[in-house]
Structure formats: structure tokens, C-alpha cells
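Just so it is clear: chains get the letters A, B, ... in the order the sequence lines come, proteins before strands, and each one is counted from 1.
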Number of protein chains: 2
Amino acid sequence: MSLTINDIARLAGVSKATVSRVINNGKTVDPKLRDNVLSVIEQVNYRPSALARGLVKNESNLIGIIVPEIANIVFGVMLEGVSKVAEIYGYDIMLSLTEKSTKKEIHYLNLHRDKQVDGIILSSRSLKKEHIEIIERFEIPCVLIGQKSSVPGIPSVHLDNFSASYEAVKTLIRFGHRKIAMIRAPLDDGESGDERFRGYATALADEGIQFEDDWISVSDFSAAEGYVAMKQIIESGFQPTALFAASDKIALGAMNYLQDQGYMIPRDISIFGFDDMDVTELVRPKLSTVHYSSIEMGMTAFRNLIKLIKKEEIPAQHTNVPHQIILRDSVVRHVS
Amino acid sequence: MSLTINDIARLAGVSKATVSRVINNGKTVDPKLRDNVLSVIEQVNYRPSALARGLVKNESNLIGIIVPEIANIVFGVMLEGVSKVAEIYGYDIMLSLTEKSTKKEIHYLNLHRDKQVDGIILSSRSLKKEHIEIIERFEIPCVLIGQKSSVPGIPSVHLDNFSASYEAVKTLIRFGHRKIAMIRAPLDDGESGDERFRGYATALADEGIQFEDDWISVSDFSAAEGYVAMKQIIESGFQPTALFAASDKIALGAMNYLQDQGYMIPRDISIFGFDDMDVTELVRPKLSTVHYSSIEMGMTAFRNLIKLIKKEEIPAQHTNVPHQIILRDSVVRHVS
DNA sequence: CTGTTAGCGCTTTCAG
DNA sequence: CTGAAAGCGCTAACAG
């Protein structure tokens with residue numbers, strides 16, 4: 001077994017209170033004693049138990065991250081952001097994956113509380129009563145990432161999905177496109193999926209363009225589904241001159257379908273993605289897309305969480321991460 | 001504050017020992033008492049503190065994962081594998097990122113021990129004396145992932161990088177290629193980078209092909225560096241008919257360079273990658289590559305870790321995850 | 001400035 | 001089958 005504070009106290013010939021003091025750079029400890037204790041600690045390589053410490057201080061220096069998946073690069077990068085700042089603040093990370101299951105979200109919310117995490121960063125499509133109950137009952141500092149939160153006390157960090165999509169579609173329109181298809185996120189994907197669609201719809205409406213049902217297809221965020229969704233649109237008979245996809249992966253899948261069918265991109269159809277994953281520059285033509293910084297999102301989420309934990313400063317209920325329109329080769333002016 | 005076991009005891013009119021017993025489905029507890037306690041727990045939504053429990057039981061149901069990065073999809077998927085099995089066994093995951101820094105690896109190894117993780121899955125380029133010291137001193141069950149371990153008691157889960165590369169290059173040779181370039185991993189990337197190179201070298205040697213220094217270039221695992229590495233090879237004057245890249249990302253970068261220079265792929269140069277990331281099917285031409293299952297790797301690593309933790313069964317020192325050669329459009333027969 | 005003494009919330013002998 | 005008591009490793013008053 002490991003050495004305990006008692007062992008150190010004995011070895012250094014002091015009380016464990018003193019050892020505790022030097023460990024915590026406690027107030028005034030006689031320099032000689034301190035040096036002595038320190039050298040003993042050094043020699044035997046003593047490390048205090050975070051568990052015991054957490055138990056009495058009622059804090060763990062652990063924060064929880066609950067996200068649907070991690071194989072998705074967007075979440076991976078987000079997590080790197082959180083991790084970077086967490087490291088600076090001396091927090092460790094407990095990670096749980098939910099596969100978008102509300103049940104698992106609840107399950108892990110509870111589990112994280114059991115482990116006494118000091119706070120949680122949660123990515124959920126929508127906060128249900130059950131989420132809120134747990135968070136409020138146990139007073140767990142919590143920030144929502146990726147979706148807008150409407151719950152006071154639970155701030156969120158996210159994109160302005162509406163504006164981003166609006167601008168993307170406006171850009172297509174400015175390039176002379178009017179017959180613009182969209183592959184949107186599943187209807188149950190939460191607020192951000194809806195907002196992207198709303199941006200699309202509003203941009204068209206503002207230009208007096210009326211879209212039909214068959215301009216729109218639904219897809220989860222995979223390339224495979226994007227492929228199918230594009231197929232659906234084309235087979236419906238609609239001939240768009242441009243496509244706005246709710247994610248880069250969808251866009252790539254769609255692009256693949258079109259290329260497989262002999263369409264030339266962007267000559268026949270312009271394509272606009274969302275996310276700016278690194279593959280956007282690796283595919284040909286390079287993909288136009290909406291850029292935002294996932295890492296920034298993660299960092300901001302953590303910073304807000306810290307504010308919540310320290311109770312020093314109340315973070316804004318909503319924090320927007322900036323976005324930019326990135327024009328690459330997949331979009332060209334439409335000539336009629 | 002949260003309710004404690006004492007509250008429950010009081011509320012249920014029993015001793016906390018009894019409450020503890022029912023929580024742990026302890027031996028025989030009078031059914032009436034048990035039901036009573038259970039209903040109280042249910043009613044007030046009591047959840048025992050994992051910290052306190054961990055302190056006395058000397059286990060945390062936490063396992064640590066220490067990897068260089070997570071934005072890299074390979075690690076992301078690995079982590080999903082670990083997570084999937086961990087969930088079944090009721091373990092939570094503490095995650096730390098090291099950016100390949102040995103110092104950070106050591107740092108987090110210590111930190112994880114402090115938090116009393118029951119075991120650690122570590123991805124490190126090579127185990128130094130310092131790693132081993134910590135692991136052995138504190139008797140932390142630990143499995144190495146992605147690299148072969150030569151330390152008894154620290155088993156590893158990894159690919160047979162040598163064979164995989166050997167087979168890939170043999171495949172190119174079988175397709176009539178002899179002037180085969182390679183972009184390899186950095187020299188300090190550890191054993192698996194070396195093995196991939198050795199596979200390449202051996203395959204050529206076995207066919208009596210002598211390669212020169214300018215056939216080889218070095219790149220980290222990014223597309224940007226792959227681009228530069230390919231440029232280097234071409235500008236050296238060597239005209240390969242095929243390229244074997246140590247990763248898909250490198251391959252894609254290289255492909256981009258070649259395409260930018262007007263080369264036609266695969267007509268002018270065949271390309272072989274490694275990893276089978278999902279983009280391999282999204283780019284044109286689709287990339288030939290070495291496939292293996294990162295998720296399987298993660299799952300296997302966890303299973304081995306559990307064996308180590310439970311001390312029931314000693315896991316094999318080395319566990320190989322199977323690989324396969326995937327031929328796609330980026331490789332064609334060379335016609336001289 | 002230092003040691004003694006209580007706990008933090010839980011499990012686990014050990015009696016009964 | 002149940003309760004009392006000790007203790008996991010640490011911190012935090014409180015005296016001295």
C-alpha cells in the first residue's frame with residue numbers, strides 16, 4: 001500500500017497537521033520543519049490521496065464532461081479545448097459518452113455527482129425536467145455546450161446557428177443561386193438543428209424564394225446518410241443549383257453521390273458545408289463551409305464553468321462563439 | 001448539502017450499517033427493513049458518496065486514460081471502445097491528454113494515482129524508467145495501447161505494424177510497382193513508427209529492390225506535413241510510381257500535393273495509406289489503406305485492464321488487433 | 001507556530 | 001440479522 005500522511009508525520013517527527021500544512025503551503029510553518037517534511041515527502045515519493053482530501057474539502061478537482069460521442073471530431077476538438085484550460089486550473093476530467101440517449105445523460109449526471117465532480121459540461125439536445133432536477137437538487141455547477149439553454153442558472157456556450165446558416169445561404173444567393181436544396185439534421189436533433197434550418201428558410205424567404213418540401217432532405221451527421229439524402233432530393237425530380245448541408249460530413253456524402261452520378265462540382269451544383277473539419281481542404285473540390293472554433297467553444301465552456309464553481313462571477317446565460325463563412329472551390333457563381 | 005447515509009438511517013429508523021448493507025445488496029437483511037430503507041432512499045433520492053466509499057474500499061471504479069490527443073480520430077474511436085466496455089463493467093473514465101510530452105505523461109500518471117484510479121490505459125511512445133517506476137511502485141494496473149510493451153507486467157494492445165506495412169508494400173509490388181516512396185513517421189515516434197518503416201524496407205528487400213535515401217521522407221501525422229513531405233520527395237528528383245504513407249492523413253496531404261502539381265492519381269502515382277479513417281472513402285480517388293479497428297483496440301485494452309485489476313487472469317503480454325489490406329481506387333497496376 | 005481532536009461519509013469487524 | 005464502534009486518509013478548528 002501507499003504511504004499515508006501519518007507515515008510522513010512519523011518519518012519527519014511532526015504531527016500530521018503539520019504535514020498537511022506544508023502540503024497545502026499552509027500558513028506559517030517553521031522553515032526548518034517544512035524543509036524536513038518536504039524532503040521526507042520527496043524521498044519516499046509521498047502523494048496525498050485525492051479521495052480523502054476530496055471527502056473532507058467537499059471538492060474533487062474533477063469536472064465532468066458528458067457528450068454524445070467522441071469519435072466525432074467536433075466533440076474531440078471541443079474536449080481538447082476543455083482539457084487545455086482545465087489543465088491550467090488543475091482540474092481533471094471525467095468523461096462519459098451518451099450516444100444521445102437521454103437515459104444515459106441522466107445516468108451519468110447522477111454518476112458524476114456521486115463522484116463529487118465540482119462541475120459538469122453537458123452536451124444534450126435538450127434539457128428535460130429530469131436533467132434540471134438533478135442539477136438543481138444537488139446544486140451542480142453545469143454549463144451546456146452546443147445548444148442554447150433556456151434554464152436560468154444553467155448557462156450555455158454555442159454558435160449562433162441561425163445567423164451562420166443565414167449567411168451561408170445568403171452567400172449562395174449572392175452567387176446567383178435560387179434553387180438551393182438543404183440537407184438538414186434530424187428533427188429531434190434539438191435546437192441547433194432547427195436553427196440551421198431556420199437560417200436557410202429565412203434567407204430564402206428574405207429573397208422572396210419559395211421552397212418546396214422536396215428541396216429539403218433529412219440526414220444524421222454521417223457521410224453515408226448524406227449520400228442517401230442527396231439521392232432522395234435528386235430522385236424527387238428537383239434540380240438544385242446549390243446545396244446547403246447541415247454539416248461537412250453530410251456535404252461530403254452528398255458530393256460523393258453527385259459525383260457518382262456524373263455531376264461536376266461545382267459546375268453543376270455548388271456545395272456548402274458546416275463545421276470546417278480539416279477534410280474540407282483535403283477533398284476536391286475544396287469545400288466551402290461555415291467555420292467556427294470547437295476548441296474555443298470548449299475553452300469558453302470551461303471558463304464559464306469555473307465562474308459558476310467559484311461563484312465569483314456569474315457567467316452570461318448565453319455565450320456565442322464566433323463563426324465565419326469560408327468560401328472554397330465547391331461554390332461558384334450560377335450562370336443561368 | 002446532500003443527504004448522507006446517516007440521514008437515511010435516521011429516516012428509516014435503522015443503523016447506518018444496515019443502510020450500508022442494503023446499498024451493497026449485503027448479505028441477509030430483513031426484507032421488511034430492506035424495503036423500508038429502499039423506499040426512503042428512493043423517496044429522498046439518496047446517492048452514496050463515491051468518494052467516501054472509495055476511501056474505505058480503496059477502489060474508485062475509475063480508470064484512467066492517458067493519450068496524446070483526442071482531436072485525432074484514431075484516439076477518439078479507441079476511447080469509444082474503452083468507454084463502451086467500461087460502461088458495462090460500471091467504470092468511469094478519467095481522461096488526460098499529454099500532447100506526446102513525457103513530462104505530462106508522468107504528471108498525469110501521478111495525478112491519476114492520486115485520484116486512486118483502479119487502472120490506467122496509457123498511450124505513450126515509449127515507456128521510460130520514470131513511467132515504470134510509478135506504475136510499479138504504486139502497483140497500478142496498466143496496459144499500454146498502440147505500442148508494444150517490453151515491460152513484464154505491463155501488457156500491451158497494438159497492431160502488428162510490421163506485417164501490416166509489409167503486406168501493404170508487397171501489394172504495391174504485386175501491382176508492378178518497384179519505385180515505391182515512403183513517408184514515414186518521425187524518428188522519435190516510437191516503436192510503431194519504426195515497425196511501419198521496417199515493414200516497408202523488408203518488403204522491398206525481399207524483392208531485391210534497393211531503395212535510396214531520397215525515397216523516404218519524414219512527416220508527423222498531419223495532412224499539412226504530408227503535403228510538404230511529398231514535395232520533398234518529388235523535388236529530390238526521385239520519380240516514384242507509388243507511395244506508401246504511414247497514415248491516411250499523410251497520404252491525403254501527399255495526394256493533394258501531387259494533384260496540385262498536375263499528377264493524376266492513380267495513373268501517375270498509386271497511393272497507399274494507413275488507418276482507414278472514414279475520409280478514405282470520401283476522397284477521390286478513394287484511398288487504399290490498411291484497415292484495423294480502433295474501437296476493438298480500445299475494447300480489448302479495457303478487457304485486459306480488467307483482468308489485471310481483478311487479478312483473476314493474467315492478460316497476454318502482447319495482444320494483436322487484426323488488420324486488413326483494403327484496396328480502393330488510389331492503387332492501380334503499374335505499366336512500364 | 002504546532003499538536004490534539006474531531007470529523008468528512010462510508011464499510012467492516014465484532015458483539016449481541 | 002442488526003447495531004456499535006473503529007477507521008479509511010485527510011483537513012480544520014482549537015488550544016497551547
Of the nucleotides [options], which has the atom closest to the [X] side chain?
X        : options                  : value
Thr4(A)  : dC10(C), dG9(D), dT2(C)  : dG9(D)
Arg21(B) : dC10(D), dG3(D), dC10(C) : dG3(D)
Thr18(B) : dT11(D), dC10(C), dT2(D) : dT2(D)

Nearest-Å distance for atom pair [atom1]/[atom2], residues [X] and [N]:
X        : N       : atom1 : atom2 : value
Asn58(A) : dC10(D) : CG    : C1'   : 14 Å
Leu55(B) : dT12(C) : CG    : P     : 12 Å
Asp35(A) : dT2(C)  : CG    : P     : 12 Å

| Pick from Asn24(A), Asn61(A), Ile5(A): which one makes a side-chain contact (heavy atoms from CB on, under 4.5 Å) with Arg53(A)? |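 By the side-chain contact (heavy atoms from CB on, under 4.5 Å) criterion, Arg53(A) pairs with just one of Asn24(A), Asn61(A), Ile5(A): Asn24(A).
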| said: Among residues 37-45 of chain B, which ones have heavy-atom contacts with DNA chain D below 4.0 Å? | reply: none
| message | Can you pull out the residues from residues 8-17 of chain B that lie within a 4.0 Å heavy-atom distance of DNA chain D? | response | Val14(B), Ser15(B), Ala17(B)
Answer yes if the side chains of [X] and [Y] hold a donor-acceptor pair under 3.5 Å, and no otherwise.
X         : Y        : answer
Arg113(A) : Ser2(B)  : yes
Asp114(A) : Ser49(B) : no
His112(A) : Ser96(A) : yes

| field | Pair of N/O donor and acceptor under 3.5 Å linking dG9(D) base with Arg47(A) side chain | value | no
| Donor-acceptor pair, Ser156(B) side chain versus Ser149(B) backbone, under 3.5 Å? | yes
| Are any non-hydrogen side-chain atoms of Val74(B) and Tyr292(B) less than 4.5 angstrom apart? |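 SC-SC contact between Val74(B) and Tyr292(B) confirmed.
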| field | Sugar-phosphate only, base, or nothing, as touched by Leu33(A) at under 4.0 Å among non-hydrogen atoms | value |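 Sugar-phosphate only.
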